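Note that these values count all heavy atoms, side chains included, but never hydrogens, waters or copies made by symmetry. Note that the structure is predicted; figures quoted are calculated from it, not measured.
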Amino acid sequence: MSVLVPIGDFSRMTHLSVKALRFYHDQGLLEPARIDPSSGYRFYDTGQVPVAQVIRRFRDLDMPLDQVRAVLTAPDVETRTKEIIAHLSAMETRLAELQMSVSSLRALLEGPPVRPEVEFRSIPATRALAVRGTVSVEQAWAWGTDVFGEIYGRIEQAGLTPAGPGGALFPAGFFELAEAELTAFVPVDGPVASGPATGDSVPGGRAEITTIPGVEAAVMLHSGSPADSDQTYGMLGTIVAERAIGIEGPIREYFLVPFAEPDVSRHRTEICWPVFQTA
């Protein structure tokens with residue numbers, strides 16, 4: 001039996017404010033069953049209560065409106081489930097980033113870390129399988145997890161083994177403007193199957209063979225969560241500045257423990273600041 005209730009009662013039934021209900025109506029997510037033509041007052045069918053409750057829970061989980069709409073209008077269960085899983089995966093990534101930030105703050109409150117040793121190293125040019133992409137600081141962790149999964153998958157598909165640890169190039173714009181084109185790469189030896197467009201890429205993906213240029217670098221090892229790497233950057237940058245040996249060029253990181261390792265306490269990352277050497 002269809003029963004219409006005014007917006008105030010529907011608000012109490014669903015724990016959605018009147019303002020929220022009006023907003024969801026304007027967005028086409030939850031339209032009233034009837035609108036009084038003279039007063040404009042909204043009435044809802046009691047059968048809409050479950051839909052409203054689903055919307056509220058999705059919004060509590062910070063699901064974007066477009067994704068909520070995609071779930072509500074999904075033509076089948078499989079499509080709806082896919083949208084929900086995609087959002088849950090994004091939430092898990094965000095939760096991991098928040099946990100890293102909390103741990104980083106705790107470490108700062110405990111006092112300054114012990115300064116790691118700095119090494120000056122000549123890094124040769126390297127043939128690598130790489131993915132390039134314009135990435136913001138907020139997207140970097142998820143982007144890295146995604147592209148390194150693809151790169152290592154392509155290497156395995158080609159029957160190869162990595163010729164060294166994976167790494168990434170971070171141009172100045174990434175730090176100064178919070179967005180730039182990053183290059184994630186894994187060194188490889190041996191032939192890689194030709195792709196249709198580049199002639200030297202693994203078909204079916206973004207990864208392409210490229211040469212990572214050599215560089216003279218001041219190198220410092222960062223141990224632990226990537227969220228704390230700013231401390232190592234600060235110590236390394238201070239040494240470079242004190243000696244006035246910094247030059248233009250991307251900072252690079254080498255991930256001695258694979259980037260996607262879920263236990264961030266195990267991460268070991270070499271941070272390489274480009275410098276000039278006089279000897």
Side-chain angles (χ1 to χ4, degrees), residues 1-105 131 133-150 153 178-179 182 204-206 225-227 259-264:
M1 178 181 176
S2 178
V3 178
L4 298 184
V5 296
I7 191 171
D9 286 348
F10 194 73
S11 171
R12 288 186 284 274
M13 295 164 68
T14 60
H15 290 191
L16 288 171
S17 69
V18 169
K19 180 180 179 180
L21 288 170
R22 289 170 178 162
F23 176 71
Y24 294 146
H25 176 201
D26 292 339
Q27 296 297 314
L29 290 179
L30 185 62
E31 298 189 9
R34 177 176 175 270
I35 300 177
D36 186 278
S38 58
S39 66
Y41 205 70
R42 297 168 172 86
F43 293 85
Y44 292 83
D45 193 305
T46 54
Q48 293 177 284
V49 169
V51 176
Q53 291 172 338
V54 166
I55 292 174
R56 184 172 71 84
R57 281 163 174 76
F58 282 147
R59 294 298 288 159
D60 286 345
L61 294 173
D62 293 327
M63 180 178 281
L65 289 175
D66 288 344
Q67 203 165 9
V68 174
R69 184 178 293 106
V71 171
L72 295 177
T73 60
D76 50 56
V77 173
E78 182 180 355
T79 303
R80 182 166 63 247
T81 301
K82 182 179 179 181
E83 290 289 342
I84 295 172
I85 290 176
H87 182 66
L88 291 177
S89 297
M91 279 200 65
E92 288 171 347
T93 299
R94 178 59 180 153
L95 286 172
E97 292 170 348
L98 287 173
Q99 183 58 54
M100 287 191 293
S101 296
V102 169
S103 299
S104 178
L105 179 57
V131 173
T134 300
V135 184
S136 68
V137 170
E138 292 77 13
Q139 299 167 332
W141 180 260
W143 181 82
T145 301
D146 177 40
V147 299
F148 276 111
E150 177 178 333
E179 182 176 277
L182 304 187
R206 296 164 291 180
S225 169
F259 185 89
E261 165 59 47
D263 182 359
V264 294

Q.
Contact between Arg206 and Asp146 at the side-chain level, heavy atoms closer than 4.5 Å - yes or no?
A. yes

(Q) To the closest 0.5 Å, what do you measure between CG (Leu30) and CD1 (Ile55)? (A) 4.5 Å

Q. What is the minimum heavy-atom distance between Trp143 and Val131, and which atoms define it?
A. CH2-O, 3.8 Å

Q | Spacing of Leu4 atom CG and Tyr44 atom OH [to the nearest 0.5 Å] | A | 11.5 Å

Q: Go through the structure and list residues passing salt bridge (charged side-chain N to carboxylate O under 4.0 Å, His left out) with Asp36, not counting sequence neighbours.
A: Arg34

Q. CG/Leu182 to CD/Gln139 distance, rounded to the nearest 0.5 angstrom?
A. 9.5 Å

Without placing hydrogens or testing angles, list every side-chain donor-acceptor pair under 3.5 Å for residues 9-24, not counting sequence neighbours.
| from | atom 1 | to | atom 2 | distance (Å) |
| --- | --- | --- | --- | --- |
| Asp9 | OD1 | Arg12 | NH2 | 2.2 |
| Ser11 | OG | Leu16 | O | 2.5 |
| Thr14 | OG1 | Phe10 | O | 2.8 |
| Thr14 | OG1 | Leu16 | N | 3.4 |
| Ser17 | OG | Ala20 | N | 3.0 |

Q: Using side chain to side chain contact (heavy atoms under 4.5 Å, CB included) as the criterion, list what pairs up with Ala90, not counting sequence neighbours.
A: none

List the atom pairs, donor and acceptor, that lie under 3.5 Å between side-chain atoms in residues 63-77 and the rest of the protein, sequence neighbours left out.
| from | atom 1 | to | atom 2 | distance (Å) |
| --- | --- | --- | --- | --- |
| Asp66 | OD1 | Arg69 | NH1 | 3.0 |
| Gln67 | NE2 | Glu83 | O | 3.1 |
| Arg69 | NH2 | Gln27 | O | 2.6 |
| Thr73 | OG1 | Arg69 | O | 2.7 |
| Asp76 | OD1 | Glu78 | N | 3.3 |
| Asp76 | OD1 | Thr79 | N | 2.7 |
| Asp76 | OD1 | Thr79 | OG1 | 2.7 |

**Q.** Minimum heavy-atom distance between Tyr41 and Gly8, given as atom pair plus value
**A.** OH-N, 4.1 Å

**Q.** Under the ring-ring contact (aromatic ring centres under 6.0 Å, His included) test, residues paired with Phe58 that sit two or more places apart
**A.** none

Q. Any idea which heavy atoms bring Pro226 and Trp141 closest together, and the distance?
A. CG-CZ3, 3.3 Å

(Q) Taking Leu61's backbone N and O only, do any of them form a donor-acceptor pair with His87's side chain (distance below 3.5 Å, no angle check)? (A) yes

Q | side chain to side chain contact (heavy atoms under 4.5 Å, CB included) partners for Ser89, two or more places apart | A | Ile85

Q: Go through the structure and list residues passing side-chain hydrogen bond (donor to acceptor under 3.5 Å, both in side chains) with Glu31, not counting sequence neighbours.
A: none

Q | Those residues that, when tested against Asp26, pass side-chain hydrogen bond (donor to acceptor under 3.5 Å, both in side chains) (two or more places apart) | A | none

Q.
Among residues at least two apart in sequence or on other chains, which ones pass salt bridge (charged side-chain N to carboxylate O under 4.0 Å, His left out) with Arg56?
A. Asp60

